[in-house]
Amino acid sequence: MSTTPHPENAAPFQAAVLAALAKQYCVLDADGKVVHVSEAWLAFDQAHANAKPALRLGQHYPDLLAAGLTNDRGGQAFYDGILAVLNGSRPEFSLEYAFRTATGQLWFTGRVARFAEPALGAVIVIHENISEYQHLENRFRQAVEAAPNAIVMVNESGCIVMVNAQTELSFGYTRAELIGRAVEMLVPERFRGGHADFRRAYFADPVSRPMGAGRDLYGRRKDGSEFPVEIGLGLIDSHDETLVLSSIVDITARKRLEHRFRQAVESAPNAIVMVNESGTILMVNAQTETSFGYSRTELLGQPVEVLVPERFRGGHVAARQAYLADPVSRPMGEGRDLFGLRKDGSEFPVEIGLGLIDDENGTIVLSSIVDITERKNAHDRLRQALTEKEVLLKEVYHRVKNNLQVVSSLINLQAASVTNAETADLLQQSADRIKAMALLHEKLYQSKDLAKIDFNEYIRSLVDHLLFGYGAHAGNIAIEMAIDNVFLGVDTAIPCGLIINELLSNALKHAFPGHRAGQVRIAFSLRLGEYCLTIADDGVGLPEALDFKNTGSLGLQLVDTLTHQLLGGMDLNRTAGTAFTLRFPENPQ
């Protein structure tokens, strides 16, 4: 069944459609008189007429415009447009204009066109409220104008239809010099032919994207100078035509920094290798070519493992992936020996520092590779020299110990042939002192660290020697030892060992007369930077009148002298026997 209205119902049908559209419109006859006005028009006049009479049927609309309505509805240009359509010199006319209200400004498009049914009217006048669109357009223009990048809008023919202030600053042209001109005026001459082809190709497949990916792009200023740029392309559908919005960024500063970075990398004394997340080499410097024997073209695009010895490649891939999972600048392979592989298959020791670069295309790793062949060789030579010196020093200690042992044995032989008991005793004391020093050199010879002596072990050896020297009498004396694991340097160990020798010898000789039983306690410790040595016995004790710091005894004089040599102090406790306590600093100044 047909839905087309009958001719007698056409006018009411059209009127109903127009009313439903809620448009402000009126229909004029050939004389310009109003024959119909929409409810939307009347409602708008009632709200914003400001005491002016409302539009009525039969009024001559051009006269109303001439009488002052033109001030509100498009001005003189709109008046002239209506007359041109009424007299047939123009088929239609349109104009955008501002309409001021008490609360602000509205924007309208005024359109005048021949009416479809001449019997019902000559022309139709339509005023369409475009304030929302105008507001959005103003915001768009403000955003474009305030953009820090140059913004250029072109149509399909490549003509510039809009630019912003930054475009004027970047290219040196005024806005008036750019609008309506071909966009190729902003492109260096050597690229213009290709640019036109790229522009046509873009309009054939218009999607928002960066322009010229993988190519260096340049803009051309009014003075003919060029500058590097990045360009983003966006599409705007204006219904009438397709427009392209180009965002142009001057990257001169970035290019300058990039150039400086490349210069710094190129002039670096170390090999520099830049790789992406997949381990592909993106950049190397001249020192990389020198160190590895490859040319630059042979390395770019290759996996970085080409520079790693085959036996390490599997582990290197895993280490690279682990680094990317937690990428921080640090030395590579701490605690491990690293090696590089030259083109000729030879290997060389390296140190590698890893650095991270944030890139829009992903994570970039910068490796600084140092050939440490010379350092390794020097280290090996030094280690060999130290080993030889250590062997020599041990031999010296061994020979000194043997010589001291010979001297001690000679003194003992001499003592055995002396009939005077006092002289024999003095010779025996001298032999014991020499033996104490010989024991120190023996411990140094046996030690892994030639600068330190295990003093715990030394004291125990000295005690065994002295007990053996005093024979059966020593069997009645119990030795208690509380000795920390203390290591002393030679300069401290010798005086400390002689002090122990003197005090322990005195205790064994004098504290237990008549072969009586007893106990000797030896304690040695390090607390808060101070050594503490105690030798105590529960024997008969020293005479009350004896001043151990001022006596004719050679042994006690020696103890006092050695105590001062250690920058220490000696205390004597006569309660329940005799207890000597020596305190001296760990690091005497």
Side-chain angles (χ1 to χ4, degrees), residues 144-154 160 163-173 177-178 182-199 201-202 208-234 244-278 280-289 295-297 299-301 327 329 354-368:
V144 168
E145 195 63 26
N149 307 332
I151 303 293
V152 178
M153 184 184 289
V154 300
I160 299 172
V163 298
N164 66 346
Q166 188 58 46
T167 304
E168 297 177 291
L169 290 174
S170 295
F171 288 89
Y173 290 97
E177 291 176 302
L178 292 172
V183 71
E184 277 74 26
M185 69 184 295
L186 304 179
V187 178
E189 289 187 16
R190 65 186 186 280
F191 298 130
R192 287 180 184 175
H195 184 271
D197 293 336
F198 284 127
R199 177 166 49 79
Y202 178 75
S208 297
R209 59 174 174 80
M211 175 180 171
R215 294 184 291 115
D216 288 332
L217 304 179
Y218 293 89
R220 184 182 183 276
R221 299 186 182 94
K222 182 179 180 180
D223 62 10
S225 61
E226 298 181 7
F227 61 102
V229 295
E230 281 184 354
I231 302 177
L233 301 177
V244 174
L245 197 69
S246 304
S247 175
I248 305 168
V249 183
D250 183 345
I251 59 171
T252 301
R254 189 196 310 173
K255 282 286 188 180
R256 186 180 299 117
L257 288 174
E258 182 179 328
H259 178 65
R260 288 179 180 176
F261 168 74
R262 289 185 177 274
Q263 281 184 319
V265 168
E266 194 63 27
S267 60
N270 307 331
I272 303 292
V273 179
M274 182 186 290
V275 302
N276 61 16
E277 291 185 64
S278 62
T280 301
I281 298 174
L282 303 178
M283 185 185 75
V284 299
N285 67 345
Q287 187 57 47
T288 304
E289 296 177 291
S295 68
R296 200 166 305 217
T297 55
L299 290 175
L300 297 182
S329 296
L354 300 176
L356 197 65
I357 298 176
D358 289 327
D359 186 81
E360 64 271 13
N361 297 319
T363 302
I364 302 297
V365 177
L366 198 68
S367 305
S368 176

Would you confirm whether Asn164, through its side chain, and Asn149, through its main-chain N or O, come within 3.5 Å as a donor-acceptor pair? yes

Short side-chain to backbone donor-acceptor contact, Ser170 and Gln166, under 3.5 Å: yes

Is the side chain of Glu289 donor-acceptor paired with the backbone N or O of Arg296 at a distance under 3.5 Å, no angle test? yes

In the structure I gave you, are the side-chain heavy atoms of Leu356 and Thr363 within less than 4.5 Å of one another anywhere? yes

Look up atom CG in Asn285 and atom CD in Gln263, then write down how far apart they are to the nearest 0.5 Å. 13.0 Å

Side-chain heavy atoms of Thr167 within contact of Tyr173, under 4.5 Å: no

Find out whether Val249 and Val229 are in side-chain contact, i.e. whether some heavy atom of one side chain is under 4.5 Å from a heavy atom of the other. no

Arg221 with Glu226: basic N within carboxylate O range, under 4.0 Å: no

Is there a side-chain contact between Phe261 and Val265 (heavy atoms, below 4.5 Å)? yes

The reported gap from CD in Glu266 to CE in Met283 (rounded to nearest 0.5 angstrom) is 8.5 Å

I want to check something: taking the side chain as every heavy atom from C-beta on, are Val275 and Ile364 in contact at a cut-off of under 4.5 Å? no

Answer yes or no: is there a side-chain heavy-atom contact under 4.5 Å between Glu230 and Asp250? no

Ile151 versus Val163: any side-chain heavy-atom pair under 4.5 Å? no

Would you indicate whether Arg260, at its atom CZ, is surrounded by more than 12 heavy atoms from other residues, nucleotides or ligands within a distance under 6.0 Å? no

Could you walk me through whether Lys255 and Asp216 pass side chain to side chain contact (heavy atoms under 4.5 Å, CB included), step by step? CA-CA 11 Å; Lys255 282 286 188 180; Asp216 288 332; 3.4 Å; yes

Tell me whether Glu258 is salt-bridged to Arg262, with the criterion being a basic N under 4.0 Å from an acidic carboxylate O. yes

Does the side chain of Glu168 come within less than 4.5 Å of Lys222's, by heavy atoms? no

Please determine if Glu184 and Arg220 form a salt bridge, counting it only when a charged side-chain N lies under 4.0 Å from a carboxylate O. no

When rounded to the nearest 0.5 angstrom, what is the spacing between CD1 in Ile160 and CG in Leu186? 4.5 Å

Show, in sequence, the C-alpha distance, side-chain angles and deciding distance for Leu300 and Leu282, and conclude whether the side chain to side chain contact (heavy atoms under 4.5 Å, CB included) test is met. CA-CA 6 Å; Leu300 297 182; Leu282 303 178; 5.9 Å; no

Test log, rule side chain to side chain contact (heavy atoms under 4.5 Å, CB included), inputs Val183 and Val244: CA-CA 11 Å; Val183 71; Val244 174; over 6 Å; no

Just verifying a value: how many Å separate Ser246 OG and Ile231 CD1, rounded to the nearest 0.5 Å? 6.5 Å

I'd like to know whether the aromatic ring centres of Phe227 and Phe171 sit less than 6.0 Å apart in this structure. yes

